[in-house]
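Quick one: the structure is below, and I'll ask about it shortly.
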There are 2 protein chains.
Amino acid sequence: MADTVTKDRKTQITEAAQNMFREKGYSATSMRDLAARIGIEPASLYSHIRSKEEILHTICFRIAEEFFKSIKDVTTSTESADIKLEKAIVSHVEVIKNNADAFAVFYNDWRHLSEPVLSEFISARREYENIFRGIIQEGLEDGIFKPMDVKFTVLTLFSSLNWLYHWFKPSGKMNPKEIGGNLSNMILYGMMNK
Amino acid sequence: MADTVTKDRKTQITEAAQNMFREKGYSATSMRDLAARIGIEPASLYSHIRSKEEILHTICFRIAEEFFKSIKDVTTSTESADIKLEKAIVSHVEVIKNNADAFAVFYNDWRHLSEPVLSEFISARREYENIFRGIIQEGLEDGIFKPMDVKFTVLTLFSSLNWLYHWFKPSGKMNPKEIGGNLSNMILYGMMNK
DNA sequence: CCTACCGATCGGTAGG
DNA sequence: CCTACCGATCGGTAGG
């Protein structure tokens, strides 16, 4: 019981931070706010974390990792590009759904990371985007997709996926498979040759 | 010459703020940073503005106004829903293109507005979104668009429009009509019946 | 538009 | 995990 019910302090700090950063933004959330939410003194936070930015770092890179993990099956698959793309979209939506608060922080506050971590973050994100670029490129070469600008399309695709965190409430029972399916349908229809 | 070359201080402050808020976010930009950029003492800012939030207020509501102005022709038009939607999209993209910095602030930092202005902002935004909802609803009833969830579709639509500010550089000569056309093509193709 | 300055709050440390 | 506290910085005002 202890293990599942009593979260360790560090987890507790991170989860409270995810929620507060999402609500007010990283810069506008103070360590005092955060400590108060947890019910300890501000200075006590530093027994568990090194700095405010470390929390942001933890959140951003954990989500990045989730994205890579979730898309792994797709990258090794040999299916056609449209099927792969749909699967990649559903995976992406699933990560957002399962980490709505953390994703919001990842999405909105990553720029408050400082170097060298910032560059690391940016290149991880680019790497992830490249997986999608690759799928689209492949579909283009196979003639499955109409001619289009890949970079532009990928960014449009992500932008229509990434707002979804507004939609998912922790209590919500919306189905990522359904939403991802609808979304990729809406997108693929405009992208499929015929 | 004086009128066009020498901007009054208030304009200068607002423009510098748009750029800095966009770059670092509203909360992370200090009035001292802002004053330094302009080359005056921090206290001197207050001869021209009442508060930091007033600047944010000015930016956000000016952009809101631009959006309403730009879509006016569309709302009074009697064309079919798909044509109206495309025009609305192009107008929207045009506003973003002509106000990239200010739009970024409008889009990312509106939540730092405080009441009662915050509620006013939210309802203005809803009103604008309702114009798009209306067009889609109409196209739905006319059978031009496939059956779909209007609210979901409008949000997806906006999300794929609103990331465009990352794209537009002040020096850039990208054509909003082209981009808006492409985008609405990509979207409409998935939305048109057949 | 400046000098001088306010009280509040910031992230964080020392030392226990 | 707390008390006590640091220097830095915040938005903003008084008064000229």
Side-chain angles (χ1 to χ4, degrees), chain A residues 2 5-61 105 108-118, chain B residues 2 5-61 105 108-118:
Chain A
V5 174
T6 311
K7 286 169 189 154
D8 69 15
R9 265 281 132 93
K10 194 163 181 176
T11 310
Q12 215 181 118
I13 291 170
T14 308
E15 288 181 359
Q18 282 168 7
N19 191 255
M20 299 180 81
F21 291 170
R22 175 190 184 160
E23 229 56 65
K24 308 183 53 175
Y26 175 74
S27 296
T29 304
S30 73
M31 297 305 271
R32 282 158 179 82
D33 293 340
L34 179 55
R37 164 80 78 98
I38 296 175
I40 61 178
E41 293 301 314
S44 303
L45 290 169
Y46 294 89
S47 306
H48 303 98
I49 54 142
R50 263 186 286 267
S51 67
K52 187 185 182 186
E53 193 178 325
E54 192 198 58
I55 304 176
L56 182 61
H57 179 277
T58 302
I59 296 170
C60 290
F61 281 79
V105 176
N108 292 310
D109 283 323
W110 61 270
R111 61 182 167 159
H112 294 111
L113 256 14
S114 55
E115 296 293 1
V117 156
L118 178 60
Chain B
V5 175
T6 312
K7 284 168 188 153
D8 68 17
R9 264 281 132 91
K10 193 163 181 176
T11 310
Q12 214 180 120
I13 291 170
T14 309
E15 288 180 359
Q18 281 167 8
N19 191 255
M20 299 180 81
F21 291 170
R22 176 190 183 160
E23 230 57 63
K24 309 183 48 174
Y26 174 75
S27 296
T29 304
S30 73
M31 297 305 272
R32 281 160 180 82
D33 293 341
L34 180 54
R37 163 80 79 99
I38 296 176
I40 62 177
E41 293 302 313
S44 304
L45 290 169
Y46 295 89
S47 305
H48 304 98
I49 53 141
R50 264 186 286 267
S51 67
K52 187 185 183 187
E53 193 178 326
E54 191 199 58
I55 304 177
L56 181 62
H57 179 277
T58 302
I59 296 170
C60 290
F61 281 79
V105 177
N108 293 310
D109 284 322
W110 62 269
R111 61 184 167 157
H112 294 111
L113 258 12
S114 55
E115 297 291 2
V117 155
L118 178 61

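Convention: sequence-line order gives letters A, B, ...; per-chain numbering from 1.
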**Request:** Mind checking the CG-CZ spacing from A:Asn19 to A:Arg37? Nearest 0.5 Å is all I need.
**Result:**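 Interatomic distance, A:Asn19 CG to A:Arg37 CZ, rounded to 0.5 Å: 4.5 Å.
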**Item:** Under 3.5 Å donor-acceptor, B:Thr29 side chain and B:Met20 backbone
**Value:** yes
**Item:** Nucleotide range of DNA chain D lying under 4.0 Å from chain A heavy atoms
**Value:**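 With heavy atoms of chain A under 4.0 Å away, the range is D:dC1 to D:dA4.
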**Complete:** If pairing means Watson-Crick or G-U wobble with both distances under 3.5 Å, then the partner of D:dC10 is C:dG7
**Message:** So does B:Arg111 get a backbone contact from the side chain of B:Tyr26, meaning a donor-acceptor N/O pair under 3.5 Å?
**Reply:** no
**Request:** Just call it for B:Thr29: base, sugar-phosphate, or nothing, with non-hydrogen atoms closer than 4.0 Å on any strand.
**Result:**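 B:Thr29: backbone/sugar contact only, no base atoms under 4.0 Å.
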**Prompt:** Paired with C:dG15: which nucleotide, if any, by Watson-Crick or G-U wobble criteria at under 3.5 Å for both distances?
**Reply:** D:dC2
**Prompt:** To the nearest 0.5 Å, how far apart are SG in A:Cys60 and CD in A:Glu53?
**Reply:** 9.5 Å
**5' precedence on DNA chain D between B:Asp33 and A:Gly39 (nearest-nucleotide basis)** =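 Nearest nucleotide further toward 5': that of A:Gly39.
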**Message:** Rounded at 0.5 Å granularity, tell me how far CG in B:Leu56 sits from NZ in B:Lys52.
**Reply:** 9.0 Å
**Message:** Need to verify one output field. Residue with the more 5' nearest nucleotide on DNA chain D, B:Ala28 or B:Ser44?
**Reply:** B:Ala28
**Asked** What does A:Ser30 touch in the nucleic acid at a heavy-atom separation under 4.0 angstrom: a base, only the sugar-phosphate, or nothing?
**Response**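 The answer is sugar-phosphate, as A:Ser30 gets under 4.0 Å only of primed atoms, P, OP1 or OP2.
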**Request:** To the nearest 0.5 Å, tell me how far A:Ile40 CD1 sits from A:Leu45 CG.
**Result:**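 Reported value, rounded in 0.5 Å steps: 4.5 Å.
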**Request:** Scan B:Arg9 against the nucleic acid and name what it touches under 4.0 Å (heavy atoms): base, sugar-phosphate only, or nothing.
**Result:** sugar-phosphate
